[in-house]
Number of protein chains: 2
Amino acid sequence: MKTRDKILLASLELFNERGERNTTTNHIAAHLAISPGNLYYHFRNKSDIIYEIFQEYEKLVDYYLVIPDDRPLTVADMTFYLESVFDGLWSYRFFHRDLEYLLDCDPRLRSDYRDFTNRCLAAMKTIFEKLAEAGIVQEQPEELREVMALNIWLVVTNWMAFLKTAHGSTGDEGLSLTALKQGIYQVLTLEMPYLMPEYRDEVLAIREKYRPVLPEQRDSVVA
Amino acid sequence: MKTRDKILLASLELFNERGERNTTTNHIAAHLAISPGNLYYHFRNKSDIIYEIFQEYEKLVDYYLVIPDDRPLTVADMTFYLESVFDGLWSYRFFHRDLEYLLDCDPRLRSDYRDFTNRCLAAMKTIFEKLAEAGIVQEQPEELREVMALNIWLVVTNWMAFLKTAHGSTGDEGLSLTALKQGIYQVLTLEMPYLMPEYRDEVLAIREKYRPVLPEQRDSVVA
DNA sequence: CTATTATTAGAGTATATACTCTACTCAGTC
DNA sequence: GACTGAGTAGAGTATATACTCTAATAATAG
């Protein structure tokens, strides 16, 4: 594997584990057992590394959110969208953690991220539309779809942060797959009132699979 | 005004404007035209300043969320809760911006914040309960109230961040009161499906007042 | 084999950051 | 009028951070 790619990979790993703020370029180099000079041979600066990682993230999510235009959407599609998006979010979780600072540092990133957000919101709106066409959710006015999409976006992008702040101790330890998936439960709860009777039970059954074992795990998960 | 209080005030101001990460103790001292030594005479370290500001924030929100137990809740109460919470959020907006890092730095803060979150969620659940008793929203199972409260919490606490990231350029300039209040619109949209027919129109009229002028302001607000 | 280019090491730098230390002032008090 | 102690100034420190520079080595092309 090329050094350049190794740098990207190690950066992502360290950013996710310890936060971008706590990860210096020297740390990254040390982690790979290469010299700082070497790192700066491959990247002009730290921002460039972050920018490139963002672009991967963007590509991944765009790929996940492709909407078939030759067939109606199914409940399975909806589940897949949710699962995928949370997976993507998990893989690049450092990004949403320090989002505001990162955008302040890099105007390119700010404008790209804005476009990215709008693209995601638009995709969500289309998904709603097609779910309505498929008779899974009720038809809704354009405007409501828009506001709903935004609410779901807020829940999805901040679910991870909530888990990390609401739970005990410091790090990732407490963040299990179960907890992660409770995010899907949250989103499906938002959609619930809009489900068509014919599909209501099916979707509720899926939702049930993501229900947290404990109603609310408010204690530290560490032993 | 005592130097100590001036430090707290200036810190909050600078944190909100430029972010905690971009505000050093030296900046704070310079802003007040006092020496760094003086600042450190009043506070052991930066964390202590932040912790104390958080306690103010906590007190304010706790005060806002007091629930009357001698009378049923009204639609006006609900509006007041929403308005107040967004005001509080605005006054201490730096806090949610760098939340994860701040909690990593200070275990006291982490545990206090966890309690604070739980208190807020509990208050929201109680508010739902009392709104149902008052016939404003439908009775819901305990579990649904809990999940709904959490969704609203996510929308409320991250609304500001969304505005700052989704809009153009860098700073606060774009963040108008109108934009801020669109957050209330988002929350009321979440509640909409659960409104009782008798109050539906009244609440929808209130919601309408917070509707953004433009459906989606996706351009930079700066001239 | 040679020339060129890509890659790397590693010491070094300028700047910033959180924080300390010493000394001074000045209001109140015995 | 000496004494105390809260309050303040301001220079100073240890450390870290992002990044640079030079020189050496590996890879590759002609």
Side-chain angles (χ1 to χ4, degrees), chain A residues 1-54 94-95 97-110, chain B residues 1-54 94-95 97-98 100-110 170:
Chain A
M1 188 189 238
K2 296 214 147 234
T3 304
R4 194 187 153 82
D5 295 326
K6 278 197 230 163
I7 293 172
L8 288 172
L9 211 66
S11 301
L12 177 58
E13 193 185 320
L14 292 175
F15 288 162
N16 277 339
E17 266 170 27
R18 313 149 49 139
E20 179 272 340
R21 185 169 183 174
N22 300 319
T23 307
T24 73
T25 49
N26 291 353
H27 286 144
I28 299 167
H31 185 79
L32 289 169
I34 66 172
S35 66
N38 192 356
L39 185 145
Y40 278 92
Y41 170 79
H42 290 283
F43 293 92
R44 270 185 36 250
N45 52 42
K46 199 182 175 186
S47 268
D48 275 9
I49 298 180
I50 293 165
Y51 185 62
E52 212 145 311
I53 293 179
F54 166 71
F94 87 94
F95 188 70
R97 170 170 171 169
D98 284 309
L99 187 55
E100 288 195 53
Y101 175 79
L102 297 178
L103 299 191
D104 279 348
C105 289
D106 188 344
R108 277 179 314 178
L109 192 60
R110 173 173 292 275
Chain B
M1 189 189 237
K2 295 217 147 229
T3 305
R4 193 186 153 83
D5 295 326
K6 278 196 230 164
I7 294 172
L8 287 173
L9 211 66
S11 301
L12 176 59
E13 193 185 320
L14 293 175
F15 288 162
N16 277 339
E17 265 170 29
R18 312 148 51 137
E20 177 273 339
R21 185 170 182 173
N22 301 319
T23 307
T24 71
T25 49
N26 291 353
H27 286 145
I28 300 166
H31 185 79
L32 289 170
I34 65 173
S35 66
N38 192 356
L39 186 145
Y40 279 92
Y41 170 78
H42 290 285
F43 292 93
R44 270 184 38 250
N45 53 40
K46 199 181 174 186
S47 268
D48 275 8
I49 298 179
I50 294 165
Y51 185 62
E52 211 145 311
I53 294 180
F54 166 70
F94 86 95
F95 189 70
R97 170 172 172 168
D98 284 309
E100 288 195 52
Y101 175 79
L102 297 178
L103 298 191
D104 280 349
C105 290
D106 188 342
R108 278 177 312 176
L109 191 61
R110 175 173 290 277
T170 42

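Naming convention: chains lettered A, B, ... in sequence-line order (proteins, then strands); numbering from 1 in each chain.
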Value in whole Å for how far the [atom2] atom of [N] lies from [atom1] of [X]:
X        : N      : atom1 : atom2 : result
A:Ile50  : D:dT17 : CD1   : P     : 14 Å
A:Asn45  : D:dC19 : CG    : P     : 5 Å
B:Tyr40  : D:dA11 : OH    : P     : 17 Å
A:Lys6   : C:dT7  : NZ    : C1'   : 12 Å
B:Asp48  : C:dA18 : CG    : P     : 14 Å
A:Arg44  : D:dT20 : CZ    : C1'   : 14 Å
A:His27  : D:dT15 : NE2   : P     : 15 Å
B:Tyr101 : C:dT17 : OH    : C1'   : 11 Å

Contact check, side chains of B:Phe95 and B:Leu109, non-hydrogen atoms, under 4.5 Å: yes
Close side-chain approach of B:Phe94 to B:Ile53, heavy-atom, < 4.5 Å: yes
So, is [X] near the phosphate of [N], with a side-chain N or O under 4.0 Å from OP1 or OP2?
X       : N     : answer
A:Tyr41 : C:dT7 : yes
A:His42 : C:dA6 : no
A:Asn38 : C:dT7 : no
A:Thr3  : C:dT8 : yes
B:Ser35 : D:dT8 : no

Counting the atoms with a prime plus P, OP1 and OP2 as sugar-phosphate, which does [X] contact under 4.0 Å by heavy atoms, base, sugar-phosphate, or nothing?
X       : result
B:Asn26 : base
B:Ala29 : nothing
A:Leu39 : nothing

Residue pair B:Asp104, A:Arg97: steps toward the salt bridge (charged side-chain N to carboxylate O under 4.0 Å, His left out) verdict: CA-CA 12 Å; B:Asp104 280 349; A:Arg97 170 170 171 169; 3.0 Å; yes
DNA chain D: 5'-proximal contact among A:Thr25 and B:Gly37 (nearest heavy atom): B:Gly37
Distance-minimising heavy-atom pair for B:Met1 and B:Lys6: O-CE, 3.3 Å
Residues A:Arg108 and A:Asp48 bridged, charged N to O under 4.0 Å: yes
